[in-house]
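Here's the structure, in structure tokens; my notes come after.
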There are 2 protein chains.
Amino acid sequence: MARPERKTVRDVRKGNRGMLLRTLYFGGPRSRHELTGLTGLSAATISTMTGDLLTEKILMEAGQVDSDGGRPRVLLRVNPVYAYLIGVDVAETHVRVELFDLEMTEKARVDYTLRPSHHDIELVARRILAGIDVVLADGQVTAAQVLGVGIGVPGIVERGASDALIHAKTFGWDGVPLGALMRAGTSLPVFIDNGAKTMGQAELWFGAGRGADHAVIVLIGSGVGATVVADGQAVRGTSNSAGEWGHTKIEMNGRPCRCGSRGCLEAYIGAEGLLARAGVPAQTTDWPSALGRVLADGGPVVDETLTYLGTGLANLINMLNPERILIGGWAGLMIGERHLDQIRVVVGENSLTQPYNATSIVLGELGPDAVAMGAATLVLEEFLDASAPLRLHAAS
Amino acid sequence: MARPERKTVRDVRKGNRGMLLRTLYFGGPRSRHELTGLTGLSAATISTMTGDLLTEKILMEAGQVDSDGGRPRVLLRVNPVYAYLIGVDVAETHVRVELFDLEMTEKARVDYTLRPSHHDIELVARRILAGIDVVLADGQVTAAQVLGVGIGVPGIVERGASDALIHAKTFGWDGVPLGALMRAGTSLPVFIDNGAKTMGQAELWFGAGRGADHAVIVLIGSGVGATVVADGQAVRGTSNSAGEWGHTKIEMNGRPCRCGSRGCLEAYIGAEGLLARAGVPAQTTDWPSALGRVLADGGPVVDETLTYLGTGLANLINMLNPERILIGGWAGLMIGERHLDQIRVVVGENSLTQPYNATSIVLGELGPDAVAMGAATLVLEEFLDASAPLRLHAAS
DNA sequence: CCGTTTCGTTCACGCATTGAACTAACATGT
DNA sequence: ACATGTTAGTTCAATGCGTGAACGAAACGG
């Protein structure tokens with residue numbers, strides 16, 4: 001019952017323009033002629049629309065191609081330096097700010113280390129704002145050229161009517177208004193989402209998820225989460241907290257989980273739970289190498305982990321029937337690189353034949369650094385969907 | 001990445017017309033003036049559009065209301081006898097064909113009993129076609145007045161490029177082309193979907209799910225399934241087999257399930273599994289009263305069942321963050337009527353606070369007979385979305 | 001230099017929504 | 001009975017958009 005909005009003729013333009021931009025963005029340089037076929041629009045419409053986009057400098061020409069015997073085609077492409085995007089990754093140990101051009105090429109980056117338990121929200125906001133200034137200076141870009149700032153944060157981002165509120169237990173954030181704080185310091189449009197979701201977005205757009213309409217991107221680090229994509233759209237749920245795959249129960253009366261419950265998937269396949277099960281001392285700090293040793297040694301704990309992971313993935317397949325499952329996150333990649341085949345076997349044993357056969361299970365391509373890129377993708381999405389109304393802003 | 005279609009000005013009309021029809025369908029009789037506010041369209045557009053719909057007889061006037069001091073408003077409503085819908089329920093023991101008017105009032109019904117293991121697809125198709133003729137005669141409706149036939153069937157309905165194929169193990173159906181068989185016998189448009197899904201659709205549109213944008217409708221009978229609704233749209237997955245909640249694993253190395261795997265939720269809370277766990281002899285035929293006795297007696301088996309059910313629901317909440325969960329199916333209703341409060345407690349203990357608080361858990365309102373009505377809803381949906389292109393057909 | 005082929009643009013037309021001006025239908029006060 | 005005010009609904013010129021058809025542009029081959 002999602003209420004469709006009133007539509008007017010201008011929405012037609014906006015939609016078609018977005019479609020053209022998307023096909024050009026993802027479909028490489030194309031001639032106007034090719035675009036008629038790819039978009040279904042008439043040559044006349046393509047002509048006027050590309051004309052507009054060229055004078056706006058959103059598109060640019062990209063050489064010619066001979067076409068046997070006739071007038072050569074002029075290739076068009078999205079102008080990568082028409083505007084820039086900023087992506088921010090707020091993590092437990094650092095705040096990272098990155099500047100991208102429209103093609104997601106990194107132009108500048110700055111990292112701020114956060115001392116443990118120094119996650120005061122105002123400190124974090126100050127770091128982000130300072131980081132924006134730094135990357136703009138480094139990249140020699142003015143704020144007026146930036147379409148917006150995307151921020152990936154830990155925890156649940158509640159998108160209320162007014163402003164995004166962030167709940168992150170481990171940070172001591174309980175309903176923190178980061179959006180408002182940002183707006184107080186910059187006039188750039190700000191988009192905030194959970195870091196796991198922005199990373200999923202990045203994989204979906206630029207990684208192993210390209211082109212998938214139904215996908216689940218699973219993130220296994222010390223925690224466990226998932227991004228669900230149905231019909232090309234991220235499933236957010238009613239308060240934007242869908243995807244807590246790590247806290248689905250997979251064992252009645254199972255291991256206690258840090259969420260307070262028992263038998264959560266995260267307690268078995270999350271790095272923290274996995275290492276604890278393998279008997280790695282709790283005070284170990286270098287988790288990745290510890291995990292590497294556990295995986296190399298093999299043994300029952302690893303087999304058990306693969307069983308839990310495979311069963312958890314099978315549940316996703318039975319429930320959601322995705323065409324693709326991506327495994328990401330630093331721990332997920334380490335496990336998957338060694339044991340993907342065995343995971344596939346376990347999944348096959350625990351899922352229904354028909355949906356299992358419709359799914360391919362692959363590893364993420366982007367690595368754990370993609371949070372900021374995914375956050376920037378939030379801005380890019382807005383631009384592609386509605387380049388007309390958004391457009392460039394005067395910066396303060 | 002769902003590719004949006006090329007849009008033209010006429011699509012604007014189609015969309016707005018659908019929106020108007022929907023608000024009038026679900027929002028009771030309204031005056032043109034009220035419709036401007038409800039739809040966001042201008043008075044001018046409302047005027048021309050309602051004019052069209054009135055001459056097409058899709059709308060009709062429904063009295064007047066005084067409006068203090070001025071011209072009285074003329075109320076408009078959807079004309080319930082503009083056209084009719086046929087819904088079919090193909091179940092293990094019967095084929096039921098029902099005729100509805102546009103307001104889903106039942107006009108005629110016919111039941112055919114199926115003898116066990118007489119599920120030959122051609123027999124079923126013949127029954128359906130005969131049933132269509134019977135309800136049309138009983139309801140004194142011509143085929144030309146019927147918008148289409150919706151059919152709810154067991155098993156997985158694979159919506160390929162060409163034609164719907166049905167896989168239903170218990171019926172011995174493996175890729176059966178019911179759609180093609182129907183088209184050979186009638187020229188009415190045919191829509192086929194899984195019966196659990198059509199029932200979910202019925203609850204969502206006309207039952208306890210009205211108005212929910214994010215919902216899960218859970219069906220517990222002898223089997224267990226779910227309909228997931230995200231952003232007002234049913235989540236179907238890549239091959240239309242999403243929603244197999246009953247075969248998600250809730251216990252490692254748990255009870256064997258008839259799907260061949262182990263630890264499936266269905267093996268615990270499905271009527272068959274539940275009765276087996278309670279020690280009810282396998283040859284019992286009257287399952288509902290057996291279940292009634294088990295529930296009345298109480299004891300550990302019941303408690304256990306509520307724990308499994310609550311945990312399964314908690315997994316849905318954590319994963320999908322719905323605003324509403326409906327419990328339906330004959331067994332689900334029996335359990336829920338007695339123990340809804342305890343279910344809510346178990347769910348609370350096993351789900352994250354924030355999404356739990358955003359969810360209300362309620363019982364279905366429509367009862368197990370809603371499969372045919374939900375199937376008819378498939379036709380209604382098509383009509384409301386695209387009344388212009390669909391329109392009435394010449395019948396054979 | 002000319003015909004052919006392919007690519008791209010221009011323009012009249014049909015269809016959509018809209019604001020503004022207008023008409024319709026009532027109640028009230030005198 | 002009649003004027004006035006108020007609310008409901010309609011009509012119309014203006015504007016925006018996509019499209020097909022006619023037209024212009026830029027190459028090739030002879």
Side-chain angles (χ1 to χ4, degrees), chain A residues 4-21 23-24 29-55 59-77 386-389, chain B residues 4-21 23-24 29-55 59-77 386-389:
Chain A
E5 293 276 295
R6 173 202 67 158
K7 287 266 191 322
T8 160
V9 272
R10 307 167 94 118
D11 295 313
V12 174
R13 179 65 136 193
K14 192 156 67 171
N16 286 337
R17 185 178 151 121
M19 179 176 52
L20 189 150
L21 233 38
T23 56
L24 229 34
R30 296 284 182 180
S31 72
R32 293 170 234 258
H33 194 101
E34 289 173 303
L35 286 172
T36 65
L38 291 168
T39 61
L41 292 163
S42 71
T45 303
I46 295 289
S47 184
T48 61
M49 208 145 58
T50 53
D52 286 358
L53 289 165
L54 280 167
T55 61
L59 296 186
M60 59 187 286
E61 301 200 342
Q64 298 198 346
V65 185
D66 287 6
S67 67
D68 37 21
R71 175 177 174 174
R73 322 166 211 247
V74 175
L75 295 181
L76 301 176
R77 55 173 297 194
S387 66
Chain B
E5 293 277 294
R6 173 202 66 158
K7 288 266 189 323
T8 160
V9 274
R10 307 165 90 116
D11 295 313
V12 175
R13 179 66 137 193
K14 194 157 65 173
N16 286 338
R17 185 177 151 120
M19 179 178 50
L20 190 150
L21 233 38
T23 55
L24 229 34
R30 295 283 182 180
S31 72
R32 293 170 236 258
H33 194 101
E34 290 172 303
L35 285 172
T36 64
L38 291 168
T39 61
L41 292 164
S42 71
T45 303
I46 295 290
S47 184
T48 61
M49 207 145 60
T50 52
D52 286 359
L53 289 165
L54 280 167
T55 63
L59 295 187
M60 60 187 284
E61 300 198 344
Q64 298 198 346
V65 186
D66 286 6
S67 68
D68 36 22
R71 176 176 173 175
R73 323 165 210 248
V74 174
L75 295 181
L76 300 175
R77 55 174 296 192
S387 65

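Every chain is numbered from 1, with letters handed out A, B, ... down the list of sequences.
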Check your understanding: Rounded to whole angstrom units, what separation is found between the NZ atom of B/K7 and the P atom of D/dG18?
Key -> 12 Å
Practice item. State whether A/R13 places a side-chain N or O below 4.0 Å from either non-bridging phosphate oxygen (OP1 or OP2) of D/dG18. Key: yes
**Study point:** 5′-ward residue of the pair B/N16/A/V74 relative to DNA chain C
**Key:** A/V74
Exercise for review: Tell me which of A/T50 and B/V9 sits closer to the 5' end of DNA chain C, going by the nucleotide each one is nearest to.
Suggested key: A/T50
Exercise for review: Rounded off to whole Å, could you give me the CZ-to-C1' distance for the A/R6 and C/dA16 pair?
Suggested key: 12 Å
Practice item. Using whole Å, report how far CG of A/L54 lies from P of C/dG8. Key: 11 Å
Practice item. Please list, by residue number, the residues of residues 31-46 of chain A whose heavy atoms come closer than 4.0 Å to an atom of DNA chain D; answer none if no residue qualifies. Key: A/L41, A/S42, A/A44, A/T45
Practice item. List the atom of A/G40, the atom of B/R6, and the distance in Å for their closest heavy-atom pair. Key: O-CD, 3.0 Å
Review point. How far does CG of B/L21 sit from OG1 of B/T39, to the nearest 0.5 angstrom?
Key: 12.0 Å
Review point. Would you say the side chain of B/R71 and the base of C/dC26 hold a donor-acceptor pair, judged only by whether the two atoms sit under 3.5 Å apart?
Key: no
Review point. Among C/dG8, D/dT11, C/dA16, which nucleotide sits nearest the side chain of B/S47?
Key: D/dT11
Practice item. Step by step, work out the side-chain contact (heavy atoms from CB on, under 4.5 Å) result for B/R30 and B/L76. Key: CA-CA 5 Å; B/R30 295 283 182 180; B/L76 300 175; over 6 Å; no
Practice item. List the steps, then state whether side-chain contact (heavy atoms from CB on, under 4.5 Å) holds for A/T48 with A/R13. Key: CA-CA 11 Å; A/T48 61; A/R13 179 65 136 193; 3.9 Å; yes
Exercise for review: Take the protein atom CZ of A/R10 and the nucleotide atom P of D/dG18, then report the distance between them rounded to whole Å.
Suggested key: 12 Å
Revision key, fill the gap. When rounded to whole Å, the CG to C1' distance for the pair B/D66 and C/dT28 reads 14 Å
Study note, to complete from the structure: From CD of A/Q64 across to P of D/dA27 the rounded distance in Å is 6 Å
Practice item. May I have the distance from B/R73 (atom CZ) to D/dT10 (atom P), rounded to whole angstrom? Key: 15 Å
**Study point:** Nearest-0.5 Å distance, CG of residue B/L41 to CZ of residue B/R17
**Key:** 13.5 Å
Check your understanding: Do other residues, nucleotides or ligands put more than 12 heavy atoms under 6.0 Å from A/E5 CD?
Key -> no
**Study point:** C/dT17 OP1/OP2 closer than 4.0 Å to side-chain N/O of A/T8
**Key:** no
Check your understanding: A/D52 has an atom CG; how far is it from atom P of C/dG8, in whole Å?
Key -> 17 Å
Practice item. Would you name the heavy atoms of A/V12 and B/K7 that are closest together and state the gap between them? Key: CG1-O, 3.4 Å
